[in-house]
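For reference, the structure I am asking about is given below.
Here is how names work: the chains are called A, B, and so on, in the same order as the sequence lines, proteins then strands, and each is numbered from 1.
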Amino acid sequence: MSFEDNLSQQRFDKIREIEQLGFEAYPRKFAYSYTLAEIRAAYDHVSAEQLESSKPQVTVAGRLMTKRRQGKAGFAHLQKDGERFQIYVRQDEVGERDFELYKKLDAGDIIGVEGVVFRTKTNELTVKATKLEFLSKAILPLPEKYHGLQDVETRYRQRYVDLFVNEEVRDVFVKRNLVIQALRRALDRRHYIEVETPMMQPLYGGALARPFKTHHNALDIDLYLRIAPELYLKRLVVGGLDRVYEINRNFRNEGLSMRHNPEFTMLEFYQAYSDYRDLMELSAELLRETAEATLGGSTLATFREQQIDFAHLNRLTLREALCEYWPHGGLAPTLPDLDDPGKVRSFIERHNERSESKINLTHGHTLGSMLQALFEETCETRLIQPTLIYEYPVEASPLSKQKPDDPNWVERFEIYVAGMEVANAYSELNDPQEQRRRFESQVAMRAGGDAEAHGMDEDYLRALSYGMPPTAGEGIGIDRLVMVLTNSPTIRDVILFPLLRPEGDIGMADRLRRLEAGAKSGESG
RNA sequence: GGGGCGGUAGCUCAGUCGGUAGAGCAACGGCCUUUUAAGCCGUGGGUCCUGGGUUCGAGUCCCAGCCGCCUCACCA
């Protein structure tokens, strides 16, 4: 028997021993009168003397996280809802049977406690037990109590352990929920309605990315996991849902990094009779409101030792950003330089000389694509404070409306925070003829080898042909926003179960089988 | 996919020049009725990621592979 099996065997055998004391191994329910947080709220300011005279009766439950025995008494900490609370168990208070149970408890077990609130010598609020109830056994031993669970791989694979052992992990996901609540509230208040559109799509679109492919047996058709909900949401705007949003997963078949998980959560919203300027205002409000809801009223987040202030949203055109954030010293570009393809090419060459990461111009040499590539290489990671970059080249924006005075540029903006793109918005192209031409040029790019170019979506063209009001739409990357608001350096820390390679045979069923086979027979231990 | 780093007890980690594999926590037995990384005495616990190779001898050196992290590429 391996050592680990031995540890588990001892714990497994205790289930039988606990039953022999008259407790149920896996009882149905337990009615607690207070959460641990409620006790703390109710009695935190009550003195030891007052507690001594009032003797408040409570019933609590939770997972046993520490246990300190001292002869015929002992202290332990219960954990529930992310709160830890001390209990004190004395044999002369709980009786012999319950104290026998206490002696058999292991860290990780789940119990219920009836008792009286008091304060210890060190003034810690504690429940002195008058009765114990056994609720569930931890057969597997817990990680070390002081260092917790450190191994990154184990933390992601066994998030259930990570969550109850490392308290800050739970906080991150509670805050993630606050972020989503705040965004929903903000949009609901502005009379948006929330919808769900297909995650499995016969044609994928709305972004430039490679999809996951799957198959429906009964219809015998291939389907794609969506890379974006955009085209469906705009069909709804055609249908008269003037303000819609969806918070849901997108799937992109791409590499993993600290900023990329193949499935990620996006908020997309569309507002009819508006343009991208209206969404600039709305975005600033949404970011500020969300930060305040998450940071307890403050707009200041700390991310990687940097202070990030969501109270302000700087605005620059893409071309202005290139002039302002040029990283290579010497002469930075000027706005007129950026209208000259020859000069832009020389700036790219200067960048390539001075930087590890080279800009590769194989995909096309239009002025717009060069400027966008240069921006992404030189500026993106330097946009630490929330910054809105607007006016994008038309080439990589097949669904955006052009600027009235310059068809090479579209009414689009992106918002960068902490060097990451967290939002993307534009005035939606609603002219079906122009949309058809954009799709055609995308299809040509795809034929030319660009695997991420957009496909032709004829039903979308049909929808636009019924007339879509002028509309602006935006997507906000929830995971990245949560990263910044929770100071999580990697996206895996804000996704409960990030994608990992499967770990292979765990052998758990076999271990449980062996535990059952190895259990001490009948008589008490 | 390229490069770098890592994988040793259930957990957190040491392991020197290649010479019988260690500590703390957790566990088990004993003592202990206000402790809190409880304490004291004692005991048990290892597929050193896997598979080859070099060597009298490999946790340690070499090769291949697996898994993870970082980084680059990819990713508007």
Next item on the list: Rounded to whole angstrom, note down the P distance from B/U8 over to B/U47.
Entry: 12 Å

Next item on the list: Determine the contact category for A/Arg157: base if any of its heavy atoms lies under 4.0 Å from a base atom, sugar-phosphate if only primed atoms, P, OP1 or OP2 are that close, otherwise nothing.
Entry: sugar-phosphate

Notebook entry, point to check: NA contact type, A/Thr66, heavy-atom cut-off 4.0 Å: base, sugar-phosphate, or nothing?
Noted result: nothing

Notebook entry, point to check: Under 4.0 Å between a side-chain N/O of A/Arg492 and OP1 or OP2 of B/C69, yes or no?
Noted result: yes

Notebook entry, point to check: Taking the nucleotide of RNA chain B with the closest heavy atom to each, which residue, A/Leu149 or A/Tyr88, is nearer the 5' end?
Noted result: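 Looking at the nearest nucleotide for each, A/Leu149 comes out on the 5' side.
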
Margin query: Using a 4.0 Å heavy-atom cut-off, does A/Glu144 contact any base of the nucleic acid, only the sugar-phosphate backbone, or nothing at all?
Written below: base

Next item on the list: Please give the nucleotide sitting opposite B/A73 as a Watson-Crick or G-U wobble pair, both distances under 3.5 Å, or none.
Entry: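 Partner of B/A73: none found under 3.5 Å.
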
Note to self: Between B/G2 and B/A64, how far apart are the two P atoms, rounded to whole Å?
What the structure shows: 12 Å

Checklist line | B/C31 and B/U12, which share atom name C1', separated by this distance in whole Å | finding: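 After rounding to an integer number of Å, I get 29 Å for this pair.
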
Margin query: Nearest whole Å is fine: how far is B/A37 P from A/Met65 CE?
Written below: 15 Å

Cut-off 3.5 Å, no hydrogens considered: what does the side-chain donor-acceptor table look like for residues 69-77 of chain A, sequence neighbours left out?
| residue | atom | partner | partner atom | Å |
| --- | --- | --- | --- | --- |
| A/Arg69 | NE | A/Gly71 | O | 3.1 |
| A/Arg69 | NH2 | A/Gly71 | O | 3.3 |
| A/His77 | ND1 | A/Thr66 | OG1 | 3.2 |
| A/His77 | NE2 | A/Glu124 | OE2 | 3.0 |

Next item on the list: Cation-pi check, A/Lys128 to A/Tyr88: give yes when NZ or CZ is under 6.0 Å from the six-membered ring centre and within 45° of the ring axis, no otherwise.
Entry: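 That pair does not qualify as a cation-pi contact.
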
Note to self: Using the side-chain heavy atoms of A/Glu153, tell me which of these nucleotides is nearest: B/C69, B/C67, B/A76.
What the structure shows: B/C67

Check: Expressed in whole Å, how much space separates the C1' atoms belonging to B/G22 and B/G15?
Finding: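 Here B/G22 and B/G15 have their C1' atoms 7 Å from each other.
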
Item checked: Euclidean distance, atom CZ of residue A/Arg68 to atom P of B/A27 [Å, nearest integer] -> 13 Å

Check: Is A/Asp151 touching bases, backbone alone, or none of the nucleic acid, heavy atoms closer than 4.0 Å?
Finding: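 The answer is sugar-phosphate, as A/Asp151 gets under 4.0 Å only of primed atoms, P, OP1 or OP2.
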
Next item on the list: In whole angstrom, give me the gap between the P atoms of B/G46 and B/C11.
Entry: 14 Å

Check: Given B/A27, B/U71, B/C75, which nucleotide is nearest the side-chain atoms of A/Gln10?
Finding: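 It is B/A27.
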
Check: What pairs with A/Arg249 under salt bridge (Lys or Arg N to Asp or Glu O under 4.0 Å), at least two apart in sequence or on another chain?
Finding: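 With neighbours one apart ignored, the set is A/Glu263.
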
Notebook entry, point to check: Between B/A76 atom P and A/Met445 atom CE, what is the distance in whole Å?
Noted result: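 Rounded to whole Å, this separation is 11 Å.
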
Next item on the list: Please lay out, stage by stage, how A/Glu411 and A/Ser400 fare under the test side chain to side chain donor-acceptor pair (under 3.5 Å).
Entry: CA-CA 7 Å; A/Glu411 296 189 347; A/Ser400 313; over 6 Å; no

Next item on the list: Provide the distance between the two P atoms, one in B/C25 and one in B/G6, to the nearest whole Å.
Entry: 28 Å

Next item on the list: Look at all strands and tell whether A/Glu376 reaches a base, only sugar-phosphate, or nothing, counting heavy atoms closer than 4.0 Å.
Entry: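 Sugar-phosphate: the residue A/Glu376, judged by heavy atoms under 4.0 Å, touches backbone atoms but no base.
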
Notebook entry, point to check: Which comes earlier along RNA chain B counting from the 5' end, the contact point of A/Leu499 or that of A/Gln372, where each point is its nearest nucleotide?
Noted result: A/Leu499

Notebook entry, point to check: Using purine N1 to pyrimidine N3 plus N6-O4 or O6-N4 for Watson-Crick, or N1-O2 and O6-N3 for G-U wobble, both under 3.5 Å, which nucleotide pairs with B/U16?
Noted result: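 None - no nucleotide pairs with B/U16, as no candidate has both distances under 3.5 Å.
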
Notebook entry, point to check: Between B/U34, B/C70, B/A76, which nucleotide gets closest to the side-chain atoms of A/Gln70?
Noted result: B/U34

Item checked: For atom CG of A/Asp479 and atom C1' of B/C75, their distance in whole Å -> 15 Å

Check: Does B/U47 have a Watson-Crick or wobble mate here (both distances under 3.5 Å), and if so which one?
Finding: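 Per the H-bond distance test, none.
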
Item checked: Spacing of A/Arg259 atom CZ relative to B/C70 atom P, expressed in whole Å -> 10 Å

Checklist line | Options B/U71, B/C11, B/U35, nucleotide nearest the side-chain atoms of A/Glu124 | finding: B/U35

Item checked: Under 3.5 Å side-chain donor-acceptor pair for A/Tyr156 and A/Asp151 -> no

Check: When we call it a touch if two heavy atoms are under 4.0 Å apart, what does A/Arg501 touch: a base, just sugar-phosphate, or nothing?
Finding: sugar-phosphate

Checklist line | Pair partner, B/G42 [Watson-Crick or wobble, under 3.5 Å] | finding: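 By the stated definition (distances under 3.5 Å), B/C28 pairs with B/G42.
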
Notebook entry, point to check: Between B/U34, B/A76, B/A27, which one does the side chain of A/Glu414 approach most closely?
Noted result: B/A76

Checklist line | B/C28 phosphate, OP1 or OP2, under 4.0 Å from A/Lys14 side-chain N/O | finding: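 Answer yes for this pair, as a side-chain N or O of A/Lys14 is under 4.0 Å from OP1 or OP2.
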
Item checked: Nucleotide forming a Watson-Crick or wobble pair with B/G68, both distances under 3.5 Å -> B/C5

Next item on the list: Could you measure between the two C1' atoms, the one in B/G18 and the one in B/C48, and give it in whole Å?
Entry: 15 Å

Item checked: Selection from B/U35, B/A76, B/C32 that lies nearest to any side-chain heavy atom of A/Arg69 ->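 Nearest listed nucleotide: B/C32.
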
Check: Is A/Arg16 salt-bridged to A/Asp13, going by a charged N under 4.0 Å from an acidic O?
Finding: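 Looking at A/Asp13 together with A/Arg16, the answer is no, because their closest N to O distance does not fall below 4.0 Å.
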
Item checked: Sugar-phosphate, base or nothing in reach of A/Gln150, heavy atoms under 4.0 Å -> sugar-phosphate

Notebook entry, point to check: Is the count of non-hydrogen atoms from other residues, nucleotides or ligands lying under 6.0 Å from A/Glu167 atom CD greater than 12?
Noted result: no

Notebook entry, point to check: Looking for any heavy atom pair under 4.0 Å, which part of the strands does A/Gln86 touch: base, sugar-phosphate only, or nothing?
Noted result: base

Next item on the list: Classify the side chain of A/His260 and the base of B/C75 as holding, or not holding, a donor-acceptor pair under 3.5 Å.
Entry: yes

Check: Please walk me through it: do A/Tyr460 and A/Lys234 pass side chain to side chain donor-acceptor pair (under 3.5 Å)?
Finding: CA-CA 9 Å; A/Tyr460 180 66; A/Lys234 282 188 282 191; 3.2 Å; yes

Check: To the nearest Å, how far apart are A/Glu254 CD and B/G1 C1'?
Finding: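 Spelled out: CD on A/Glu254 to C1' on B/G1 is 15 Å.
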
Notebook entry, point to check: Taking atom types as modelled, is there a side-chain donor on A/Thr126 or A/Gln86 under 3.5 Å from an acceptor on the other?
Noted result: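 Yes - a donor-acceptor pair under 3.5 Å links their side chains.
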
Check: Using the P atom in both, what is the distance from B/C5 to B/G10, to the nearest Å?
Finding: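 Between the two P atoms, the distance is 28 Å.
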
Check: Please give, in whole Å, the distance from B/C75 P to A/Arg252 CZ?
Finding: 12 Å

Notebook entry, point to check: Contact class for A/Phe264 vs. all strands (heavy atom < 4.0 Å): base, sugar-phosphate, or nothing?
Noted result: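 No contact at all - A/Phe264 keeps every heavy atom at 4.0 Å or more from the nucleic acid.
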
Check: Using a cut-off of 4.0 Å on non-hydrogen atoms, how would the nucleic acid contact of A/Gly74 be classed: base, sugar-phosphate, or nothing?
Finding: nothing

Next item on the list: Round to the nearest Å and state the distance from A/Tyr146 atom OH to B/U12 atom C1'.
Entry: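 About 11 Å, once rounded to whole Å.
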
